Number of protein chains: 2
Amino acid sequence: MATMNDVARLAGVSASTVSYALTGVRPVSEATRERVRVAMDQLGYRPNALARGLASNRTRILALLFPAIERGLGGTALEFVTAAAETAREHGCHLVLWPTGDDEVGETHELVHQGLVDGLVVMEVKLDDPRVDLLRSTATPFTLIGRTARPDGLPYCDIDFELTVRGALDHLSGLGHEHIALLSHSEASLAAGYGPTVRVQKAFEQQTSERGLPALVRHCDESADAGRAVAADLFRTHPEVTALVTMNDDATFGAVAEIVEGGRDVPGEVSVLSVVSSPRVGALSHPRLTTMAAPGAELGRLGVESVITRVEQGDSPVVRELIPCRLDAQATTGPAPGTHAHTPPGTP
Amino acid sequence: MATMNDVARLAGVSASTVSYALTGVRPVSEATRERVRVAMDQLGYRPNALARGLASNRTRILALLFPAIERGLGGTALEFVTAAAETAREHGCHLVLWPTGDDEVGETHELVHQGLVDGLVVMEVKLDDPRVDLLRSTATPFTLIGRTARPDGLPYCDIDFELTVRGALDHLSGLGHEHIALLSHSEASLAAGYGPTVRVQKAFEQQTSERGLPALVRHCDESADAGRAVAADLFRTHPEVTALVTMNDDATFGAVAEIVEGGRDVPGEVSVLSVVSSPRVGALSHPRLTTMAAPGAELGRLGVESVITRVEQGDSPVVRELIPCRLDAQATTGPAPGTHAHTPPGTP
DNA sequence: GGCATTCGTCGAAGCGCTTCGTCGAAGCGT
DNA sequence: ACGCTTCGACGAAGCGCTTCGACGAATGCC
């Protein structure tokens with residue numbers, strides 16, 4: 001593997017000149033630059049990232065920190081990652097996904113102090129997240145996807161859960177529903193302080209109360225089976241419910257199956273609206289799910305841009321963005337039973 | 001950030017001794033090692049990965065190369081990644097996911113010559129993959145997940161598509177089916193030489209022929225809608241078909257929906273078996289899909305282990321592993337119509 | 001025409017670590 | 001008591017690059 005010295009020798013210049021020709025930090029005459037360029041591709045030279053990083057304290061590598069164990073990269077995370085990687089590339093950076101194991105904090109600590117990355121994007125942020133406390137005390141720029149309970153002064157990009165819930169309730173209220181239940185993530189995720197679980201539940205309880213509706217919340221593990229079980233129990237104990245807001249892709253499928261098998265028509269008797277999901281996932285269901293799509297791509301782009309900005313000028317203002325999910329009305333939501341209904345689509 | 005020299009000074013030893021205490025490359029007395037240890041965590045010292053890599057030519061970082069644009073990290077890819085990351089960790093390595101953009105080859109080239117990684121695991125290998133040609137000519141160890149058309153001498157881990165198709169046909173034949181169609185990935189993926197598409201199709205055609213069955217193959221884009229359309233067309237032109245082998249998660253959901261809506265009972269009249277999928281995805285369907293689960297975790301583990309072995313001793317024998325998918329019989333496969341059938345499960 | 005500028009280039013130092021050659025001190029046998 | 005080995009620790013070189021101070025040549029000005 002050719003080194004910079006090889007290039008310098010071949011081009012008949014000094015190593016520092018090669019460096020300047022490469023980085024443009026200092027001016028180099030057109031003629032010299034050309035000679036260097038020729039020498040480089042004659043040797044197939046590639047700068048060694050390690051040496052460069054060591055000398056310049058700048059690697060142009062960003063890490064996307066995510067806990068591998070958890071629910072992992074779900075359907076919506078993919079477009080997040082893709083957008084993030086693309087954005088990084090546009091800025092001449094690399095974005096590596098850095099899965100953390102059981103010892104999240106330790107591994108994060110190591111990553112940061114290893115000097116391997118210029119900055120990081122932190123996924124799956126909990127309301128009380130020890131990684132954040134750690135990062136606060138280091139010099140490495142970072143941005144959260146999600147946010148802690150009190151994200152004062154921290155840069156973050158997150159879903160606007162209040163607006164999302166508002167959108168969901170508006171949609172269902174507009175269809176005449178008055179008994180709306182929330183099918184959320186697991187109790188465990190609530191206990192762990194997983195932001196979406198907590199924030200959606202809070203928004204749901206508050207906004208239903210504002211509208212004078214009862215607030216019925218059920219937690220559910222991340223599986224179709226759990227969805228079935230919870231839905232069965234819910235409609236046994238609360239047969240008056242006519243609409244379900246779900247935030248739990250796997251469980252949603254189970255719930256819909258259970259409702260239909262239990263003899264209730266969807267959306268004739270029960271409407272289902274899956275939030276923080278995506279049309280693509282919704283299309284897998286039959287009838288096709290009405291969803292509110294998580295703004296994965298937007299968050300990925302914003303998150304990376306925010307980090308890069310702070311890497312390049314540490315004093316730049318902190319980015320805080322909240323983006324709501326977009327409604328994609330499909331076949332699982334329709335007028336509440338007894339409403340002056342035009343027949344909803346998808347009814348046999 | 002404390003350096004090795006700081007530690008050395010505090011411990012009253014030389015820098016090289018600290019290094020030896022840390023790596024164990026040369027013996028260090030118990031007493032000295034302890035002093036170094038104390039100094040280290042007094043200073044919160046973390047070795048700088050860049051400097052270490054530069055000096056030792058060994059970063060303990062492995063890259064998992066995947067084309068971000070493509071179908072991306074599907075449902076089964078998650079457990080693959082998780083297992084791979086975990087395995088790397090067990091060996092004291094880091095596994096970073098390295099998404100490549102449009103210029104796959106260029107980015108791979110850069111990655112390899114940057115010296116940033118010790119080895120790589122290449123995902124989404126095509127039958128004729130320029131990245132592989134590139135990697136062959138470099139010194140960096142790598143292992144393919146998938147394989148090229150003629151993977152002579154290359155280390156790879158892949159799904160055993162022949163055995164998988166055999167398993168699928170055995171299952172369906174055992175249930176009395178004689179008109180079995182294959183619903184595969186898109187034409188585009190076939191044209192691009194995507195291994196699974198090509199190999200499953202070939203195995204399907206060969207094995208149906210061996211069994212004296214007609215070979216009916218349909219390609220289909222990766223979406224529920226495309227699945228619907230293709231299924232509709234298939235059963236219009238070939239009403240005799242009683243079983244569908246699918247390899248296309250999104251399309252499978254659409255196909256099942258279409259079949260049911262078209263008035264055919266699943267599995268009473270048509271059986272559906274989704275291969276290279278997973279029980280988790282199968283559980284989202286109603287009725288629950290019979291699947292053959294891709295051995296994601298096994299492949300991830302094997303792939304990483306193979307690379308690490310070659311990193312540590314370059315002359316180790318080349319690993320080649322083929323693992324079939326596991327059958328998980330659920331509710332979408334049952335006896336062919338007209339067979340001396342006990343009522344299949346899930347029939348109303 | 002002489003002096004201050006500017007431009008382009010060079011050399012050397014250093015980033016934080018590993019590694020190799022070396023050397024003193026201790027342990028062994030005779 | 002002597003040389004021999006073994007053990008543990010040291011110092012210096014070097015990995016491939018960036019960066020800073022410096023310097024010669026070309027340029028500008030009065």
Side-chain angles (χ1 to χ4, degrees), chain A residues 1-37 39-40 43-61 92 110-118 139, chain B residues 1-37 39-40 43-61 92 110-118 139 311-312:
Chain A
M1 235 154 48
T3 76
M4 186 166 249
N5 272 310
D6 300 332
V7 176
R9 206 171 310 125
L10 183 59
V13 299
S14 77
S16 52
T17 301
V18 175
S19 176
Y20 292 131
L22 206 56
T23 61
V25 170
R26 282 194 188 178
V28 170
S29 76
E30 180 56 44
T32 309
R33 195 181 315 126
E34 181 58 17
R35 286 223 309 292
V36 169
R37 216 189 48 64
M40 281 201 206
L43 293 172
Y45 169 75
R46 299 276 152 168
N48 181 305
L50 259 43
R52 179 178 275 206
L54 182 60
S56 68
N57 230 334
R58 193 94 153 51
T59 62
R60 307 200 70 80
I61 296 180
E110 188 147 334
L111 173 60
V112 167
H113 288 282
Q114 262 179 4
L116 203 61
V117 299
D118 286 346
Chain B
M1 237 157 43
T3 77
M4 186 166 251
N5 272 311
D6 299 333
V7 175
R9 205 171 311 126
L10 184 59
V13 299
S14 76
S16 53
T17 301
V18 174
S19 175
Y20 292 129
L22 205 57
T23 61
V25 170
R26 282 192 186 179
V28 169
S29 77
E30 178 57 44
T32 309
R33 195 179 317 125
E34 181 58 19
R35 286 223 310 290
V36 170
R37 216 190 48 64
M40 280 200 206
L43 293 172
Y45 168 74
R46 299 277 152 168
N48 181 303
L50 259 42
R52 179 179 276 207
L54 181 60
S56 69
N57 227 339
R58 193 94 154 51
T59 62
R60 307 201 70 82
I61 298 180
E110 187 147 335
L111 173 60
V112 167
H113 288 282
Q114 261 180 6
L116 202 62
V117 300
D118 286 346
V311 168
E312 284 172 353

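Remember, it's a predicted structure, so these values are computed and weren't measured experimentally. Chain naming here is simple, since letters A, B, ... match the order of the sequence lines and numbering starts at 1 in each.
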Angle separating the five-pair end axes of the helix from C/dG1-D/dC30 to C/dT30-D/dA1, nearest 10°, is 30°
- Between A/Thr59 (side chain) and A/Gly53 (backbone), is there a donor-acceptor pair under 3.5 Å?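 Answer holds: no.
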Residues pairing under salt bridge (charged side-chain N to carboxylate O under 4.0 Å, His left out) where one sits in residues 7-16 of chain A, two or more places apart or in two chains, turn out to be A/Asp6-A/Arg9
Salt bridge (charged side-chain N to carboxylate O under 4.0 Å, His left out) pairs touching residues 15-25 of chain A, sequence neighbours excluded, are none
Salt-bridge test for B/Arg58 and B/Asp118: reply yes if a basic N is under 4.0 Å from a carboxylate O, no otherwise.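 Result for this pair is yes, salt bridge flagged.
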- Message: Once side chain to side chain donor-acceptor pair (under 3.5 Å) is applied, do any residues pair with B/Ser19, and if so which ones, sequence neighbours excluded?
- Response: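 Partners of B/Ser19 under the side chain to side chain donor-acceptor pair (under 3.5 Å) test: none.
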The side chain to side chain donor-acceptor pair (under 3.5 Å) partners of B/Asn48 (sequence neighbours excluded) come to none
Applied to residues 20-29 of chain B, the side chain to side chain donor-acceptor pair (under 3.5 Å) test, sequence neighbours excluded, yields B/Ser29-B/Thr32
For a 4.5 angstrom cut-off between non-hydrogen side-chain atoms, does B/Arg46 reach B/Met1?
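Not touching, per the 4.5 Å side-chain cut-off.
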Contact check, residues 15-28 of chain A vs DNA chain C, heavy-atom distance under 4.0 Å, returns A/Ser16, A/Thr17, A/Tyr20, A/Arg26, A/Pro27, A/Val28
When rounded to the nearest 0.5 Å, the distance separating CG of A/Leu54 from CG of B/Leu54 is 6.0 Å
query: Contact boundaries of DNA chain C with chain A (under 4.0 Å, heavy atoms), 5' to 3'?
result: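 Contact boundaries, 5' end first: C/dG8 to C/dG16.
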Considering residues at least two apart in sequence or located in another chain, which fulfil the side chain to side chain contact (heavy atoms under 4.5 Å, CB included) criterion with A/Leu10?
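Applying side chain to side chain contact (heavy atoms under 4.5 Å, CB included) to A/Leu10 gives A/Ala39, A/Gln42, A/Leu43.
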Sorted by chain and residue number, the side chain to side chain contact (heavy atoms under 4.5 Å, CB included) partners of B/Leu22 (sequence neighbours excluded) come out as B/Met4, B/Met40, B/Tyr45, B/Pro47, B/Arg52
- Identify, with sequence neighbours excluded, every residue that meets salt bridge (charged side-chain N to carboxylate O under 4.0 Å, His left out) alongside A/Arg35.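 With neighbours one apart ignored, the set is empty.
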Expected list for residues 5-12 of chain A near DNA chain D, using heavy atoms below 4.0 Å, is none
